[in-house]
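A note on names: the letters A, B, ... follow the listed sequences, proteins ahead of strands, and every chain is numbered from 1. Quick caveat, the model's predicted, so the values are computed rather than measured.
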Amino acid sequence: MVFLVKQCHFEGPLDLLLHLIRKNHLDICTIAISQVTNEFLNTLDEMRNFNLEIAGDYLVMAATLIHIKSRLLLPVLEKDPEVEDDEDDDRGEELVQRLKEYRLFQETALMLDRYPLLEREVFTSGWAGEELREEEGLEVDLFHFLKVCREVLTEQPIESIHQVEMENLSVAQRIEEIKRILASASSSELGLLLEGNPSPLQVVVTLLAILELVKVRVIRLIQHREFGPIEIWPVT
Amino acid sequence: MDTAELAAVIESLIFAAEKPLRLGQISELMEVDRNSVQAALNVLDEKYNRLPGGIQLAEVAEGFQFRTRPEYAFWVRRAQKRRMFRLSRAALEILAIVAYRQPITRGEMEQIRGVDCDGALRTLLEKKMVRLCGKKEAPGRPLLYGTSSFFLETFGLRDLKELPDLRQIQQLFPEGKGPRVDE
Amino acid sequence: MDTAELAAVIESLIFAAEKPLRLGQISELMEVDRNSVQAALNVLDEKYNRLPGGIQLAEVAEGFQFRTRPEYAFWVRRAQKRRMFRLSRAALEILAIVAYRQPITRGEMEQIRGVDCDGALRTLLEKKMVRLCGKKEAPGRPLLYGTSSFFLETFGLRDLKELPDLRQIQQLFPEGKGPRVDE
């Protein structure tokens with residue numbers, strides 16, 4: 001038993017159970033499970049003696065095994081067809097199914113391991129054109145992309161910040177635009193020139209253009225009352 | 001371009017490519033119809049796979065790639081002094097489950113193996129053998145996993161259909177003689 | 001080992017080696033005298049250099065190496081240009097931010113990364129991984145960025161909902177800052 005624990009690394013309780021069934025040349029069935037229950041428990045004791053931490057999975061399995069075994073040891077009572085008592089039988093049967101399924105995948109794993117593997121039995125060309133090596137950057141799949149996401153995205157909420165896009169808007173251009181507007185209409189209002197949610201830069205440029213036009217006496221600004229609309233009139 | 005010359009160009013393309021080249025890619029790249037590419041590939045198949053030699057033309061992950069022949073693995077490994085690549089038993093079991101039950105959640109894998117799969121699964125993701133493929137329409141929308149094209153490359157498979165079905169595998173291991181009788 | 005088999009082994013060795021192999025190296029490695037190695041190399045010279053094909057056995061200063069033939073360089077280069085594009089680390093980081101915080105302005109990205117995003121963001125736009133998706137209703141009306149359908153395609157996602165949420169990412173990488181991708 002000491003040998004068993006030392007030599008084998010088990011992939012969990014199902015693996016250990018399968019190992020014991022196999023070692024005793026049994027077929028997977030509830031009887032076999034009950035037959036290896038003691039060995040299973042002894043192995044857990046051995047693990048404990050080796051100061052190996054026994055995962056909860058093993059203990060849950062131990063409880064299941066004891067339960068199944070105790071069911072089988074009970075004298076077979078006269079079956080009362082009226083009483084449905086399948087739940088306990090199901091536990092044994094369910095474990096048998098799980099063991100069979102897991103065994104199938106263990107076999108599949110072994111089958112896969114027999115393939116000639118890249119970098120183990122077969123190798124691709126070591127030669128890579130010189131140009132290839134210089135190319136920088138990563139070819140990523142979703143998993144490796146998510147790894148970057150994990151590193152970059154901290155939980156801090158994003159603060160709302162302001163950003164100004166550089167716009168190709170010069171004062172000279174704006175002057176021409178204002179002149180055009182005044183040429184088609186006899187007058188305008190400052191508010192109208194600042195319609196459409198302009199950026200701060202646009203506002204500044206518009207104001208500068210108007211001040212410039214006032215300075216060179218192309219327009220006049222008139223405000224009839226306090227806080228009233230500021231009218232723009234061409235100087236005639 | 002005649003078939004011989006086309007074969008020579010394709011030979012150099014496959015040789016220089018980092019990944020297996022698909023027939024369609026070659027056809028598109030060279031602006032040559034698929035039948036001509038196939039004819040040229042047949043020439044290469046003859047040259048590398050019918051005649052003896054150290055190199056084979058393998059059809060993997062739906063593409064073509066030159067590879068050393070497995071019978072010379074010993075010498076190549078010896079020459080490269082590299083640590084032998086191996087997959088742990090846990091990794092192989094998880095690959096087996098993912099290959100046959102994909103798309104599958106981690107919880108479902110753990111249900112089959114009866115044990116936590118976290119570490120080995122992450123290694124397989126790291127190695128690009130397993131990939132994330134969406135979320136399951138179930139409470140909590142758990143992540144789904146599947147095999148990648150690099151899985152096919154590693155195992156030298158053209159596609160997943162090349163894997164034997166589970167019933168055949170069962171016959172490989174007659175009842176009682178399980179995969180791991182203790183040595 | 002007869003000359004034909006020796007030639008096959010040497011063929012696989014030269015093929016898999018990252019650097020050119022010298023005659024002496026091969027002889028030492030295989031524990032075979034130099035004359036036998038030379039005889040085997042002659043067989044390979046015949047196969048690759050006397051007969052037409054896409055691959056040559058080149059003898060360069062440092063030894064023997066398989067290379068594509070220069071006359072097919074045009075096609076090889078053309079194929080390499082079409083290879084799957086790669087993304088720089090900076091571009092990946094921005095893509096990460098855009099994917100999870102979209103729609104997002106450039107200023108907000110720079111706020112998260114703490115550095116200028118201009119160049120890498122432009123690359124992502126050029127490669128069509130990121131697209132413009134309107135303007136933010138905020139002073140200055142800054143442009144908003146989001147991921148494109150090509151982004152989904154690249155990572156094999158049907159829609160953005162298939163992207164693991166941040167909680168799931170944390171489960172995938174529980175140790176926090178995992179190793180960088182570009183080790």
Student: Are the side chains of C:Leu172 and A:Lys147 in touch, meaning some heavy atoms are under 4.5 Å apart?
Tutor: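 No, every pair of side-chain atoms sits at 4.5 Å or beyond.
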Student: Which atom pair, heavy atoms only, marks the closest approach of A:Phe123 to C:Phe15?
Tutor: O-CE2, 3.5 Å
Student: Among the options C:Ile14, C:Val76, C:Ile169, pick out the one with the most heavy-atom pairs lying under 4.5 Å from chain A.
Tutor: C:Ile169
Student: Mind telling me whether C:Phe155 and A:Phe145 have parallel, tilted or perpendicular rings, with 30° and 60° as the class edges?
Tutor: parallel
Student: Checking C:Ser12 against chain A: side chain, backbone, both or neither under 4.5 Å from a heavy atom?
Tutor: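 Interface part for C:Ser12: neither.
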Student: Examine whether an atom of C:Ala16 lies under 4.5 Å from a heavy atom of chain A, and if so say whether it belongs to the side chain, the backbone or both; otherwise answer neither.
Tutor: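 Interface part for C:Ala16: both.
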Student: With rounding to the nearest 0.5 angstrom, report the CZ to CD distance, A:Arg150 to C:Gln171.
Tutor: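 Output value for this atom pair is 10.5 Å.
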Student: Is the count of non-hydrogen atoms from other residues, nucleotides or ligands lying under 6.0 Å from C:Glu28 atom CD greater than 12?
Tutor: no
Student: Which distance, rounded to the nearest 0.5 Å, do you find between the OG1 of C:Thr154 and the CG of A:Asp141?
Tutor: 12.0 Å
Student: In the structure I gave you, are the side-chain heavy atoms of C:Ile94 and A:Val152 within less than 4.5 Å of one another anywhere?
Tutor: no
Student: What option among C:Leu163, C:Ile97, C:Leu95, C:Leu157 has the most heavy-atom pairs under 4.5 Å with chain A?
Tutor: C:Leu95
Student: Looking at side-chain heavy atoms only, is the closest gap between C:Phe66 and A:Ser125 below 4.5 Å?
Tutor: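 They are not in contact (no side-chain heavy atoms under 4.5 Å apart), so the answer is no.
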Student: Considering only heavy atoms, which portion of C:Ala99 lies under 4.5 Å from any heavy atom of chain A: side chain, backbone, both, or neither?
Tutor: side chain
Student: Which atoms of C:Glu110 come close to chain A, meaning under 4.5 Å heavy atom to heavy atom: side chain ones, backbone ones, both, or neither?
Tutor: neither
Student: Under 6.0 Å from the CZ atom of A:Arg98, do we count more than 12 heavy atoms belonging to anything else shown?
Tutor: yes
